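Being a predicted model, the structure only gives us computed values, none of them experimental. Numbering of residues begins at 1 and proceeds along the displayed sequence.
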Amino acid sequence: MVTLCLIACVIPSAFAIDHKCSACRAVGRELSKTLRNEANATEGKVVDMRGRLDSKGQRYGKKISYKVSELRFIELLEGVCDGDVKKYRVLDEDAGWFLPRSELERTKVKMKGKLRLGQMKSEIVEYCNRVIEEAEDDLKSGIYDESVNSTNVERFLCRDTVKVCGDDVDFAPKG
């Protein structure tokens, strides 16, 4: 009995999440939204690295573009799992993770029971943190060299990096 608990307690619930592809896509959609929102805000922004003073009291060092700074990357990923990803839910065992948009969808999800709602929130947030951590280096490289952007981050994350979605999944925007 103790051995079983040790194994179950060591494996984080992020490994055991159902519907990995749709959960990853939820994370990808939120990261895409974050990239879209910050695109215009970063134009012309710089990070002042001149924190040191010389003997005359003048600052020295360099300024770097915010677009290629570590600060930008940290700020991009920092809020992904704390934002709207918490609102994604699973309605039934055959459906994947989705963001309830209508009152009818929210009511159907609420009918699953409050305990399950809390569990779903916890599952998707833990999964989000795991995916972001696992893909961090690839995301960083892709965002810096501009091969990853708001239009392809979902595919890059879920198919190319974390590899939880197959080739049959259509990542084209809906509507």
Side-chain angles (χ1 to χ4, degrees), residues 3-39 70 72-102 104-106 108-175:
T3 307
L4 182 62
C5 180
L6 287 174
I7 293 170
C9 296
V10 171
I11 299 174
S13 64
F15 286 114
I17 196 167
D18 291 329
H19 311 290
K20 285 181 176 63
C21 180
S22 64
C24 184
R25 292 189 73 186
V27 175
R29 280 191 290 277
E30 293 308 309
L31 186 52
S32 175
K33 188 167 53 172
T34 302
L35 284 166
R36 256 191 327 275
N37 291 341
E38 70 94 48
E70 182 78 16
R72 174 187 178 218
F73 185 72
I74 290 168
E75 288 177 346
L76 273 172
L77 296 186
E78 191 173 75
V80 172
C81 299
D82 295 329
D84 284 346
V85 80
K86 293 177 182 178
K87 297 178 183 176
Y88 281 80
R89 302 291 184 250
V90 175
L91 187 56
D92 58 53
E93 294 309 313
D94 295 328
W97 290 88
F98 75 103
L99 186 60
R101 301 224 181 259
S102 70
L104 177 61
E105 287 176 334
R106 283 189 284 278
K108 283 182 180 180
V109 171
K110 284 179 185 173
M111 289 170 61
K112 302 265 295 173
K114 290 191 182 226
L115 285 176
R116 181 67 180 129
L117 287 176
Q119 182 182 357
M120 281 189 267
K121 179 180 173 182
S122 175
E123 284 176 9
I124 193 70
V125 169
E126 286 179 30
Y127 185 77
C128 179
N129 286 316
R130 168 93 172 105
V131 165
I132 293 295
E133 182 179 333
E134 186 177 319
E136 186 173 355
D137 292 337
D138 293 329
L139 282 169
K140 184 184 221 178
S141 298
I143 289 171
Y144 284 161
D145 70 17
E146 297 181 355
S147 63
V148 173
N149 56 48
S150 65
T151 60
N152 67 1
V153 70
E154 190 179 331
R155 179 193 48 75
F156 176 82
L157 183 65
C158 302
R159 182 179 292 158
D160 304 338
T161 306
V162 184
K163 297 179 181 4
V164 292
C165 293
D167 292 336
D168 59 325
V169 176
D170 181 14
F171 290 96
K174 294 176 183 167

**OP:** Give a yes or no answer on whether the side chain of Lys86 reaches the backbone of Gly83 with a donor-acceptor pair at less than 3.5 Å.
**Re:**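 No, because the side chain of Lys86 does not come within donor-acceptor range (under 3.5 Å) of the backbone of Gly83.
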Subject >> Donor-acceptor pair, side chain of Ser150 and main chain of Ser32, under 3.5 angstrom >> reply: no
Original post:
Should we count CG of Asp145 as having more than 12 external heavy atoms under 6.0 Å?
Top reply: yes
**OP:** Would you please test Glu30 and Lys33 for salt bridge (charged side-chain N to carboxylate O under 4.0 Å, His left out) and show each step?
**Re:** CA-CA 5 Å; Glu30 293 308 309; Lys33 188 167 53 172; 3.1 Å; yes
Can you name the side-chain contact (heavy atoms from CB on, under 4.5 Å) partners of [X], sequence neighbours left out?
{"X": "Glu133", "value": "none"}
{"X": "Thr151", "value": "Asn149"}
{"X": "Glu78", "value": "Ile74"}
{"X": "Cys21", "value": "Arg25, Cys165, Val169"}

Rounded to the nearest 0.5 Å, how far does [atom2] of [Y] lie from [atom1] of [X]?
{"X": "Arg89", "Y": "Ile124", "atom1": "CZ", "atom2": "CD1", "value": "9.5 Å"}
{"X": "Arg130", "Y": "Cys24", "atom1": "CZ", "atom2": "SG", "value": "11.5 Å"}
{"X": "Arg155", "Y": "Asp170", "atom1": "CZ", "atom2": "CG", "value": "12.0 Å"}

**OP:** Mind listing the closest non-hydrogen atom pair of Cys128 and Val85 along with its distance?
**Re:** SG-CG1, 4.2 Å
Original post:
Between Gly28 and Val153, what is the shortest heavy-atom contact and its length?
Top reply: O-CG1, 3.6 Å
Original post:
Have Glu126 and Ser122 got a donor and an acceptor in their side chains that come within less than 3.5 Å?
Top reply: yes
Original post:
Can you check side chain to side chain contact (heavy atoms under 4.5 Å, CB included) on Glu123 and Val90, steps first, answer last?
Top reply: CA-CA 11 Å; Glu123 284 176 9; Val90 175; over 6 Å; no
Original post:
Only one of Leu31, Val164, Leu157 clears side-chain contact (heavy atoms from CB on, under 4.5 Å) with Val131; which?
Top reply: Leu157
Subject >> Result of checking Asn129, Leu139, Val162 against Glu134 for side-chain contact (heavy atoms from CB on, under 4.5 Å) >> reply: Val162
**OP:** Using side chain to side chain donor-acceptor pair (under 3.5 Å) as the criterion, list what pairs up with Arg159, not counting sequence neighbours.
**Re:** none
Subject >> Within-4.5 Å side-chain heavy-atom neighbours: Phe156 and Asp138 >> reply: yes
**OP:** Applying salt bridge (charged side-chain N to carboxylate O under 4.0 Å, His left out), name anything that partners Glu70, two or more places apart in sequence or on another chain.
**Re:** Lys140
